[in-house]
Number of protein chains: 4
Amino acid sequence: MLSVHAVQDPIKHQAILNASIEVFAESGFGGADVQVIADRADVGKGTVYRYFGNKKDLFLATADAGMRRLEASILEAIEDVDDPVDLIRLSAKAYASFFQRNPKFAEILILERAEFRGSIPDTHLVYRAKNRGILEEVIKRGVRDGLFRKVIVREATSAFANLLYGTVVTGCMEGESRRLESTVEYAIDIFLQGILRNQKGEAPR
Amino acid sequence: MLSVHAVQDPIKHQAILNASIEVFAESGFGGADVQVIADRADVGKGTVYRYFGNKKDLFLATADAGMRRLEASILEAIEDVDDPVDLIRLSAKAYASFFQRNPKFAEILILERAEFRGSIPDTHLVYRAKNRGILEEVIKRGVRDGLFRKVIVREATSAFANLLYGTVVTGCMEGESRRLESTVEYAIDIFLQGILRNQKGEAPR
Amino acid sequence: MLSVHAVQDPIKHQAILNASIEVFAESGFGGADVQVIADRADVGKGTVYRYFGNKKDLFLATADAGMRRLEASILEAIEDVDDPVDLIRLSAKAYASFFQRNPKFAEILILERAEFRGSIPDTHLVYRAKNRGILEEVIKRGVRDGLFRKVIVREATSAFANLLYGTVVTGCMEGESRRLESTVEYAIDIFLQGILRNQKGEAPR
Amino acid sequence: MLSVHAVQDPIKHQAILNASIEVFAESGFGGADVQVIADRADVGKGTVYRYFGNKKDLFLATADAGMRRLEASILEAIEDVDDPVDLIRLSAKAYASFFQRNPKFAEILILERAEFRGSIPDTHLVYRAKNRGILEEVIKRGVRDGLFRKVIVREATSAFANLLYGTVVTGCMEGESRRLESTVEYAIDIFLQGILRNQKGEAPR
DNA sequence: CATGAATGAGCCTTCATTCAT
DNA sequence: TATGAATGAAGGCTCATTCAT
């Protein structure tokens, strides 16, 4: 668990996390001032430190919270879905939709990568590893069923994840996040055409 | 031009840039100490400011230099190449190869995105826009020649760029940059299968 | 009385004082954390403030308690003793023995001198003044009886007190408190030889 | 050497040390504000850190400087002196005179003992060890010459040092330092009478 | 031009103290 | 009465930037 500091008041805990997302996303890690976070969360600066220990752990907890929400969003979107193509398409769509609705989290995502590259159990990587397993199963099944080509599952999974990640990181700049969902959809169409055994039609969409 | 400051000594100018790449890549933007950069470049701290104005501009110039080298690498790789598929494949390979050989630049790339998201004419975006034009021409020609499906050129280009970008950013962590080239190759195979009119074979590679 | 705050529970009061000795002796006044004292005393932080008002007063009360114990130790040791030489020797021995058994108090002693030099009715000085009177009487008597030289009583008393104080403060470092008693004994032998009218023997001890 | 930080300007170096003596003596270690020291030295706060690294090292350097001056004072006073009794008397007098003229240093002395008890190569102890050797030689010679009793040299030296230390620490409070010299003189008379083979007269002074 | 000593704004973090429960 | 969560003033330290030499 990231938060070894006991949580006394879940309301305050959440208020601080919400303020953190805002401030870190706006100012970056180095540029963020813990005092500003405290002010926006309407708590004393000491309280921020009581709950999260230090600036770095606060940031990591913020990223962690974002990843949890993302994961929940995706899992909810693919609940009861069984078809591999639908699974891929819907999870990608949920991924894009999440960051389109929460562009601040895309900033957190990139900041974590930039500030703590590998030096620390990268929250995003932890979640990626976990969800990657699910995706690999889906692709493996698609290949087994003759739906997909005999792709190298691990490589195809990486391509999928990197495509989504690159699109979000690139697309969430300058408030361009509005088109994120459709950009991802088109990219995933190409990806699917790339691994499907029988091409479905002329051109995507 | 980014460096409005007159360059007196190209040797020193380059030494500072080289030191910058190292230090920024190692420590991030906020964590980098201009004194350390000056020391590694074997010049006085004042000289760094003489040549680059301030820390931010130094960073931007560093990123700019990286982009120039990347661009040169790619252009060299596709010189005299005419076939759209080859053009796509070889430019992707050159892109991956560059970051595999210069993983520090991948850090610079991500730092620029993280620290200066949109607030500043993003060097990377400038180059991307420029090279995107070239790529769009290639895809447009592939479509016209019946080699590719009737994809939406702009979307396909984005997918290609985001796929490369995501792979590099993700792949250059933890010293995993070794496999970067092959990961990109596989991903581009899927991408190509995704836009080719006639699938070339069973599975990529 | 130092503690104007009414004492509700003598057990807690004492527990806090005991914890204070430990923590102040270990960490100094500035370095001590009231929370740590509360934890060691097994009471809430608020209770510490209830009983002692503030950190400074807590420290002063701690020093006060030490002085009381020291005084009791010495008075007990010289009870029923009448000979001036024995009185001097035994009180010095009791002084040394007390700090050898309670080296933490030597730290408190030095901290009080260091942190509150004169700004505050120095507990140690209060006790010193009181006990100094007793000692002056003893020396005055020794002089009157022809046992001691015609020393200036006030100066001799000061020399005695400063000798003891200096030895304890110097000797309680580095866990060297073990030899404290014998060091004081030897020093007092020299002191006694210095004020005795007729030297008793060749060399002390 | 304590000061690993290169000294660029001896004037500033000294100005900071002078300000340090004042501020530490007035406010204690924890109570001292480096900004105040910088202000009194008429330099920027950063300059203080440039020259002394951190607050603790600044304090230690301050104590070190005091010890050097004390040592120089004493050595100057006993230059060309040969008689053991004179050596003892004059060095004690110089010791007292130094602290009477520089009562702030007495505060530094006690602060060092209080804050850094043994945790750090105590500057005072280092000097004491060095000068103790000289004193031991003097007493040894006095004993050999039949001038002093057959005292245990080490114990007598400790008694002497502790007597001086205790007197200074006790006597420099509340601006009582005026009487320091005479108090020490009287105490040393008793000490000398205590170790002399043949008592010189009735009573000291 | 080049330098690096000097500066001080800025920010993280601690902890004495308070007060609602 | 006892508690300990909350607070924010205070201060150590860093480092981008400047400017006298």
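Every chain is numbered from 1 and lettered A, B, ... according to where its sequence line falls, protein lines coming before strand lines.
Atom pair Arg50(D):CZ and dG8(E):P shows a separation of 14 Å (rounding to whole Å applied). Nucleotide dC11(E) holds its P atom 11 Å from the OH atom of Tyr49(A), rounded to whole Å. Rounded to an integer number of Å, the gap from CG of Asp42(A) to C1' of dA6(F) is 13 Å. Atom CD1 in Ile37(A) sits roughly 12 Å away from atom P in dC11(E) (whole-Å rounding). Summarising the geometry, the separation between CG on Asp39(C) and C1' on dT3(F) is reported as 12 Å, rounded to the nearest angstrom. Phe52(D) places its CZ atom 14 Å from the P atom of dC13(F), with the value rounded to the nearest Å. Whole-Å rounding puts the Ile16(B) CD1 to dC1(E) P distance at 13 Å. Summarising the geometry, the separation between CG on Asp33(B) and C1' on dT14(F) is reported as 8 Å, rounded to the nearest angstrom.
Taking for each of Gly46(A) and Gly44(D) the nucleotide of DNA chain E with the nearest heavy atom, the 5'-most of the two is the partner of Gly44(D). Residues Phe29(B) and Phe29(D) both approach DNA chain F. Their nearest nucleotides, taken by heavy-atom distance, put Phe29(D) toward the 5′ side. For the pair Asn54(A) and Lys55(C), both in contact range of DNA chain E, the more 5′-proximal nearest nucleotide belongs to Asn54(A).
Closest heavy-atom contact between Thr62(C) and Leu58(C): OG1-O, 2.7 Å. In plain terms, the two heavy atoms of Phe52(C) and Ile16(C) that are nearest each other are CE1-CG2, 3.5 Å.
Under the Watson-Crick or G-U wobble criterion, with both distances below 3.5 Å, dA5(E) is paired with dT18(F). Within the shown strands, dG10(E) is the pairing partner of dC13(F) under the Watson-Crick or G-U definition, both distances less than 3.5 Å.
Side-chain N/O atoms of Asn18(D) and Gln14(D) include a donor and acceptor closer than 3.5 Å.
Closest approach to the Val34(C) side chain among dT3(E), dC11(E), dA16(E) is made by dA16(E) (side chain taken as heavy atoms from C-beta onward). Counting only heavy atoms from C-beta on, Gln8(D) has its side chain closest to dA6(E) among dC15(E), dA6(E), dA2(F).
Using cut-offs of 30° and 60° on the angle between ring planes, the pair His13(C) and Tyr51(C) is tilted.
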task = Let me see the working for Lys55(A) and Phe59(A) under side-chain contact (heavy atoms from CB on, under 4.5 Å), right down to the final yes or no.
result = CA-CA 6 Å; Lys55(A) 194 185 181 183; Phe59(A) 177 80; 6.0 Å; no
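Look at Lys12(C) and you'll find a side-chain N or O under 4.0 angstrom from OP1 or OP2 of dA2(F). Put simply, Tyr51(C) has a side-chain N or O that comes within less than 4.0 Å of OP1 or OP2 on dA2(F). Listed pair Thr47(A) / dT7(F) meets the phosphate criterion, a side-chain N or O lying under 4.0 Å from OP1 or OP2.
Residue Lys45(C) is classed as a base contact, given a heavy-atom separation below 4.0 Å to a base.
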